[in-house]
Protein chains: 2
Amino acid sequence: MTVTIYDVAREAGVSMATVSRVVNNNPNVKPQTRKKVYEAIERLGYRPNAVARGLASKKTTTVGVVIPDIANAIFAEVARGIEDIANMYHYNIILCNADKRKDKEIRVINTLLEKQVDGLLFMGGAVTDDHVLAFKTSNVPIVLCATTDEKGVIPSVDIDHEAAAFDAVNLLIAEGHRSIAMISGTLQDPANGYARFQGYKRALEQAGIAYREDYVRVGNYRYESGIDATSYFLGLSDRPTAIFAATDEMAIGAVHCIQDSGLSVPDDVSVISVDNSRISSMVRPLLTTVAQPMYDIGAVSMRLLTKLMKKETVENAKVTLPHELIVRRSVAGPKA
Amino acid sequence: MTVTIYDVAREAGVSMATVSRVVNNNPNVKPQTRKKVYEAIERLGYRPNAVARGLASKKTTTVGVVIPDIANAIFAEVARGIEDIANMYHYNIILCNADKRKDKEIRVINTLLEKQVDGLLFMGGAVTDDHVLAFKTSNVPIVLCATTDEKGVIPSVDIDHEAAAFDAVNLLIAEGHRSIAMISGTLQDPANGYARFQGYKRALEQAGIAYREDYVRVGNYRYESGIDATSYFLGLSDRPTAIFAATDEMAIGAVHCIQDSGLSVPDDVSVISVDNSRISSMVRPLLTTVAQPMYDIGAVSMRLLTKLMKKETVENAKVTLPHELIVRRSVAGPKA
DNA sequence: CTGTTAGCGCGTTCAA
DNA sequence: TTGAACGCGCTAACAG
């Protein structure tokens, strides 16, 4: 049924070792022999069995990636960066959604390890001791991708979420705003949630603006929650003149909520966010936002992983990619 | 270094066959023995090697999925459907982007087959003879996902793109429009391109409306190309009163282009599309569109694949999922 | 209910 | 430059 390296050897009149050599591009084969083997391979339609190879060589040229949700545009973009670089280095990707749920994360990490992946890319929520434990029991390299490690012991690549949020809010302040609300992510989420919230607070503090609890709502990163939060803000007696949303999607919800209530962005209320996903250019007005290089985060983390897998020494195993303020049209000064 | 089934057997004082049995939940093990084995596993931190298992059992519990672009919201949603069902049946997913490029598609199909996947989900552009050939050389089941097979010989799940487009354009006609433009995808793309274009033409024809070449532009599915096409239409001396876009993204580009030029949607120009991706609810006005059940397409195709992998007999290996007109606010009758 | 024995398909010494 | 032989870690008969 299936043709093996053994069949090819017989067909070509050589030993299986020789076939193995030509398949793996080992130079120690006479060109003529190599040719014979190639012909036999062709004739028989031989396809190497990567599983057998994996067992014998203890390498699968496969890396595992655990991701919160591939249907989320942000993560999908990161995944694309990962896959492109993986492909470039001839690795394949086993993709697992884990929804930032710890139990699911631990579970898929283990199945991935059982599958003998050569490395692991982890994108998730908080990295707990249990995570670290699971990582430690493996002997393949791990890198955290768009995910922060409190302890800082695991290689990772991400942006500085706190600083990104800080920069966003600072723009608002520079424009003269003092009444700045925030639509936050859940505070249990270290990166997109907590860190961005901290950046917001620090910016306020530095500008001597008092923090108000009723100026902060936590959303779930989705469009609808941006609308909900904003409708709450607009109902306040002293409504904010600017809104900082932790993500583009919530920001767009904010924009539409403001517009739907007959106000204007940015004339009545300014809106800014973090992400710069593609949709931030697919609204009116164009969204001002702090860009997070999603594709690069994926690409760089995969590149880092390849180095680790080759046991190359890496100088800096904790890379922070730069973010960048993208000024478009959703921010203006407050009304006089 | 690595602890094997053998070590566990020794530790538990049983044979490796017994360990294998408990690991695989074979009922033929005395509870007491089972317990001993579990303890030994625990003590040693044994983790089964799925590669060895795969070699011995000729099953990898892994399926390959080739996808055009995981960063594309539509496909990402399909992928989520696939992964959820795969997960439910304890399969893992090897994900490969192929950008609808034939050479890349063929290449990844082959690597996936080398990795001994138990099945293959193919999402791509045209299914050529070369594709079919590659499929035939494998002895694992394949199902086409959101992809049409001209010959109809390969199991597949998709919607009827022609009918979906037809329905969309028909709504426009029912509203009284006679000047209907289309922003098409590339005609080489059988499903999202050609079929939707055919649906447009059929609707026109049935209504006795003459087809005009200058009322059709082909875009690349992206927002920007929606803008470009629309700006062309708006420059026409007798500009259309309605635009049918092959995808949501292009439709939103159309909406914004219309608005940016001082006109109103739907008062001056109506816009309709196919997809109903999440962004169709993230615009003003809300986009009227024909819904394509992306998640379900993924889920159903994965479900079908599991049946095929279990060699269950399936009645209908070519499933067409229903589409549905979602009436929102971007369509109105033409101005009197 | 449990153990023994063969392979699964290939990489990799080690000799020749 | 080539081949023979072993083993990767596990499943799957087959015995008992």
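Each chain gets a letter, A, B and so on, in the order the sequences are listed, and its residues count up from 1.
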Peer 1: Between C:dG9 atom P and A:Ile5 atom CD1, what is the distance in whole Å?
Peer 2: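 Value for this atom pair: 12 Å.
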Peer 1: Report yes or no: do A:Thr61 and B:Lys115 form a side-chain donor-acceptor pair below 3.5 Å?
Peer 2: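 Indeed, the side chains of A:Thr61 and B:Lys115 share at least one donor-acceptor pair under 3.5 Å.
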Peer 1: In this structure, how many angstroms lie between the P atom of D:dA12 and the CG atom of B:Asn26, rounded?
Peer 2: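 Going from CG in B:Asn26 over to P in D:dA12 covers 10 Å.
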Peer 1: Rounded to the nearest 0.5 Å, how far apart are CD1 of B:Ile106 and OG1 of B:Thr111?
Peer 2: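 Rounded to the nearest 0.5 Å, the CD1-OG1 separation comes out at 11.0 Å.
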Peer 1: Would you call A:Lys318 and A:Asp149 a salt bridge, taking side-chain N to carboxylate O under 4.0 Å as the test?
Peer 2: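 Looking at A:Asp149 together with A:Lys318, the answer is no, because their closest N to O distance does not fall below 4.0 Å.
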Peer 1: State whether A:Thr18 places a side-chain N or O below 4.0 Å from either non-bridging phosphate oxygen (OP1 or OP2) of D:dT2.
Peer 2: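 For D:dT2, neither OP1 nor OP2 has a side-chain N or O of A:Thr18 closer than 4.0 Å.
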Peer 1: Can you tell me which nucleotide in C:dC10, C:dT2, D:dG3 comes closest to the side chain of B:Asn28?
Peer 2: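 From the listed options, C:dT2 comes nearest.
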Peer 1: What's touching nucleotides 14-16 of chain C from the protein side, N or O pairs under 3.5 Å?
Peer 2:
none

Peer 1: From the options D:dT2, D:dG3, D:dC10, select the nucleotide whose nearest atom is closest to the side chain of B:Met16.
Peer 2: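 Per side-chain heavy atoms of B:Met16, the pick is D:dC10.
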Peer 1: Output yes when at least one side-chain N/O atom of A:Asn24 is less than 4.0 Å from OP1 or OP2 of C:dG11, else no.
Peer 2: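 Yes.
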Peer 1: Among side-chain atoms of B:Thr18 and B:Arg34, is any donor-acceptor pair under 3.5 angstrom?
Peer 2: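 Absent: no donor and acceptor within the cut-off.
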Peer 1: Tell me which of B:Pro27 and A:Arg53 sits closer to the 5' end of DNA chain C, going by the nucleotide each one is nearest to.
Peer 2: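 Result of the comparison: B:Pro27.
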Peer 1: Between atom CG in A:Leu55 and atom C1' in D:dC8, what is the gap in whole Å?
Peer 2: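 One finds 4 Å between C1' of D:dC8 and CG of A:Leu55, rounded.
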Peer 1: Could you give the CG-to-C1' distance, from B:Asp7 to D:dG9, as a whole number of Å?
Peer 2: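 Rounding to the nearest Å, CG of B:Asp7 and C1' of D:dG9 are 10 Å apart.
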Peer 1: Just compare D:dG9, C:dT4, C:dT2 and give me whichever is closest to any side-chain atom of B:Ala17.
Peer 2: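 Output: C:dT4.
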Peer 1: Return the value, rounded to whole Å, for the distance between atom OH of B:Tyr6 and atom C1' of C:dA6.
Peer 2: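 Rounded to the whole Å, the gap is 14 Å.
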Peer 1: Would you say B:His161 and B:Asp158 are linked by a side-chain donor-acceptor pair, where the criterion is simply a distance under 3.5 Å?
Peer 2: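 Yes, because at least one side-chain N or O of B:Asp158 sits under 3.5 Å from a partner of the opposite role on B:His161.
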Peer 1: Kindly point out which of C:dC1, C:dC8, C:dG11 is positioned nearest to the side chain of A:Ala56?
Peer 2: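 Ranking C:dC1, C:dC8, C:dG11 by closest atom to the A:Ala56 side chain puts C:dG11 first.
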Peer 1: Quick one: which of C:dT4, D:dG9, D:dC10 gets closest to the side chain of B:Tyr46?
Peer 2: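 The listed nucleotide nearest to B:Tyr46's side chain is D:dC10.
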Peer 1: Could you tell me if the side chain of B:Val157 sits less than 4.5 Å from the side chain of B:Thr320, heavy atoms only?
Peer 2: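 Side chain of B:Thr320 against side chain of B:Val157, heavy atoms only: no contact under 4.5 Å found.
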Peer 1: How many whole angstroms separate atom NZ of A:Lys58 from atom P of D:dC10?
Peer 2: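 Interatomic distance, NZ of A:Lys58 to P of D:dC10: 9 Å.
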Peer 1: A:Lys59 has an atom NZ; how far is it from atom P of C:dC10, in whole Å?
Peer 2: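 Atom-to-atom, A:Lys59 to C:dC10, this comes out as 18 Å.
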Peer 1: Please examine the side chains of B:Phe122 and B:Ile154, heavy atoms only from C-beta on, and report whether any two atoms are closer than 4.5 Å.
Peer 2: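 Answer no - side chains too far apart.
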Peer 1: B:Ala52 side chain: which of D:dA12, C:dC1, D:dG9 is closest?
Peer 2: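 Of D:dA12, C:dC1, D:dG9, D:dG9 is nearest to the side chain of B:Ala52.
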Peer 1: From the list D:dT2, D:dA12, D:dG9, which nucleotide is the closest neighbour of the side chain of B:Thr4?
Peer 2: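 So the side chain of B:Thr4 is nearest to D:dG9.
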Peer 1: Check this for me, if you would: do A:Arg43 and A:Glu11 make a salt bridge, where the nitrogen-to-carboxylate-oxygen distance has to be below 4.0 angstrom?
Peer 2: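 Judged by the 4.0 Å cut-off on N to carboxylate O distance, A:Arg43 and A:Glu11 do form a salt bridge.
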Peer 1: Taking A:Thr148 for the side chain and A:Glu150 for the main chain, is one N or O donor matched with an acceptor at less than 3.5 Å?
Peer 2: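 Side chain of A:Thr148 to backbone of A:Glu150, a donor-acceptor pair under 3.5 Å: no, none is there.
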Peer 1: With a cut-off of less than 4.0 Å, is there a side-chain N or O of A:Ser20 near OP1 or OP2 of C:dG11?
Peer 2: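 Checking A:Ser20 against C:dG11: at least one side-chain N or O falls below 4.0 Å of OP1 or OP2.
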Peer 1: Picking from D:dC8, D:dT1, C:dG11, which would you name as closest to the side chain of A:Thr33?
Peer 2: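 Of all the options, the side chain of A:Thr33 is nearest to D:dT1.
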Peer 1: Of the residues in residues 36-45 of chain A, which ones touch DNA chain D at a heavy-atom distance under 4.0 Å?
Peer 2: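 Hits under 4.0 Å, by residue number: none.
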